[in-house]
Amino acid sequence: MQENNSEYPQKRVRRKDVSAWEQTLRWLDIKWYSESKLREKLNSRHYPVAEIEEAIARCREYNLINDAMLAEEFAKSQSARGRGSRRIAHELYRHGLTGDAAKNALEQIEGNDESSAQAALQSKLSTYQREPDWRKRREKAFRFLANRGYPLDIIYSTLDNEPDLNMPD
């Protein structure tokens with residue numbers, strides 16, 4: 001039998017009598033969640049619907065969940081990291097941020113796509129210089145920007161403005 005010493009750390013015993021409110025506070029202490037994600041997580045723990053609704057209501061009362069603010073901050077941070085509006089919209093949806101909150105967040109970063117795509121491409125352009133064929137450079141740059149979630153018109157205009165990615169004269 002294994003003795004209780006420092007070489008073998010003991011497993012943390014998970015209390016089963018934790019209320020939905022306490023569990024929600026624990027999760028929100030670690031990271032922010034949208035209302036729908038919190039509801040989904042609480043449902044997966046098989047809390048009663050009334051207890052889930054009470055916990056969500058208390059979170060709203062204490063302003064612990066605010067989907068509009070969360071969507072706005074998330075969209076700004078993703079845009080600053082060089083992500084396009086299409087990818088940000090998909091990530092917002094994946095995190096349970098939909099409707100007016102997501103729409104308003106996307107409207108606030110709407111004009112950043114062109115400058116963000118140009119900056120993202122500039123950071124990657126030096127790696128494409130090793131490729132001698134301009135077509136392959138352009139294809140790689142296209143895939144890079146498409147994977148970042150930029151709309152096609154932004155991708156084409158960004159690629160057209162970059163002389164290294166066009167046919168030499």
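The analysis underlying the following values was restricted to heavy atoms, covering all of them including side chains, and did not include hydrogens, waters or symmetry mates.
- Once rounded to the nearest 0.5 Å, the distance linking OG1 of T158 with CG of L165 reads 10.0 Å.
- With sequence neighbours left out, E139 forms a salt bridge (Lys or Arg N to Asp or Glu O under 4.0 Å) with no residue at all.
- Closest approach of A141 to L159, counting heavy atoms only: CB-CD2, 3.6 Å.
- Across all non-hydrogen atoms, the minimal contact from A101 to A71 is O-CB, 3.7 Å.
- Across every non-hydrogen atom of F142 and L152, the tightest pair is CZ-CD2, 3.6 Å.
- Not counting sequence neighbours, the partners of S34 by the side chain to side chain donor-acceptor pair (under 3.5 Å) test are S36.
- Judged purely by atom type and a 3.5 angstrom limit, N104 has no side-chain atom pairing as donor or acceptor with the backbone of A68.
- Residues P151 and R86 approach most closely at CA-CD, 3.9 Å, considering heavy atoms.
- Applying the salt bridge (charged side-chain N to carboxylate O under 4.0 Å, His left out) rule to pairs touching residues 94-121 yields E91-R94, sequence neighbours excluded.
- Pairs engaging residues 116-128 under the side chain to side chain donor-acceptor pair (under 3.5 Å) rule: S116-Y150, Q122-E162 [sequence neighbours left out].
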Item to complete: Tell me, with the steps shown, if S19 and E22 meet side-chain contact (heavy atoms from CB on, under 4.5 Å).
Response: CA-CA 5 Å; S19 70; E22 290 176 40; 3.4 Å; yes
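- Note on K37 versus D67: no salt bridge recorded, every NZ/NE/NH1/NH2 to OD/OE distance being 4.0 Å or above.
- Every residue was checked against the salt bridge (Lys or Arg N to Asp or Glu O under 4.0 Å) condition with R81, not counting sequence neighbours, and none meets it.
- Grouping the Ile, Leu, Val, Met, Phe, Trp and Tyr side chains by contacts below 4.5 angstrom, directly or via other members, places V49 apart from L42.
- Not counting sequence neighbours, Y93 has no partner by the ring pair (Phe, Tyr, Trp, His ring centres under 6.0 Å) test.
- In this structure, the separation between CD on Q129 and CD on E131 is 10.5 Å, given to the nearest 0.5 Å.
- R138 CZ to I155 CD1: the interatomic distance, rounded to the nearest 0.5 Å, is 10.5 Å.
- Hydrophobic cluster membership of L92, counting Ile, Leu, Val, Met, Phe, Trp and Tyr whose side-chain heavy atoms lie under 4.5 Å apart directly or via other members: W32, L70, F74, I88, L97, L106, I109.
- Clustering ILVMFWY residues whenever any of their side-chain heavy atoms sit less than 4.5 angstrom apart, transitively, puts M69 in a cluster other than the one holding I65.
- For the side chain to side chain donor-acceptor pair (under 3.5 Å) test, no residue two or more places apart in sequence or in another chain qualifies with R148.
- Listed by chain and number, the residues in a ring pair (Phe, Tyr, Trp, His ring centres under 6.0 Å) with F144 amount to none (sequence neighbours excluded).
- Using a 4.5 Å heavy-atom threshold, the side chains of L38 and L28 count as touching.
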Practice prompt. Could you give me the CA-CA distance, side-chain angles and deciding distance for Q108 and K76, then say whether side-chain contact (heavy atoms from CB on, under 4.5 Å) is met?
Written response: CA-CA 8 Å; Q108 288 191 356; K76 283 181 185 177; 3.9 Å; yes
Side chains of residues 50-64: which donor-acceptor partners sit under 3.5 Å, not counting sequence neighbours?
| residue | atom | partner | partner atom | Å |
| --- | --- | --- | --- | --- |
| E51 | OE2 | A20 | N | 2.9 |
| E53 | OE1 | R39 | NH2 | 3.1 |
| E53 | OE2 | R39 | NE | 3.1 |
| E53 | OE2 | R39 | NH2 | 3.4 |
| R60 | NE | E35 | OE1 | 3.2 |
| R60 | NH2 | E35 | OE2 | 2.7 |

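- Two residues are said to be in side-chain contact when any heavy atoms from C-beta on lie closer than 4.5 Å; Q23 and R45 meet this criterion.
- Side chain of S44 to backbone of K41: a donor-acceptor contact under 3.5 angstrom is found.
- D29 pairs by the salt bridge (Lys or Arg N to Asp or Glu O under 4.0 Å) definition with nothing, not counting sequence neighbours.
- Checked against salt bridge (Lys or Arg N to Asp or Glu O under 4.0 Å), E73 has no partners two or more places apart in sequence or in another chain.
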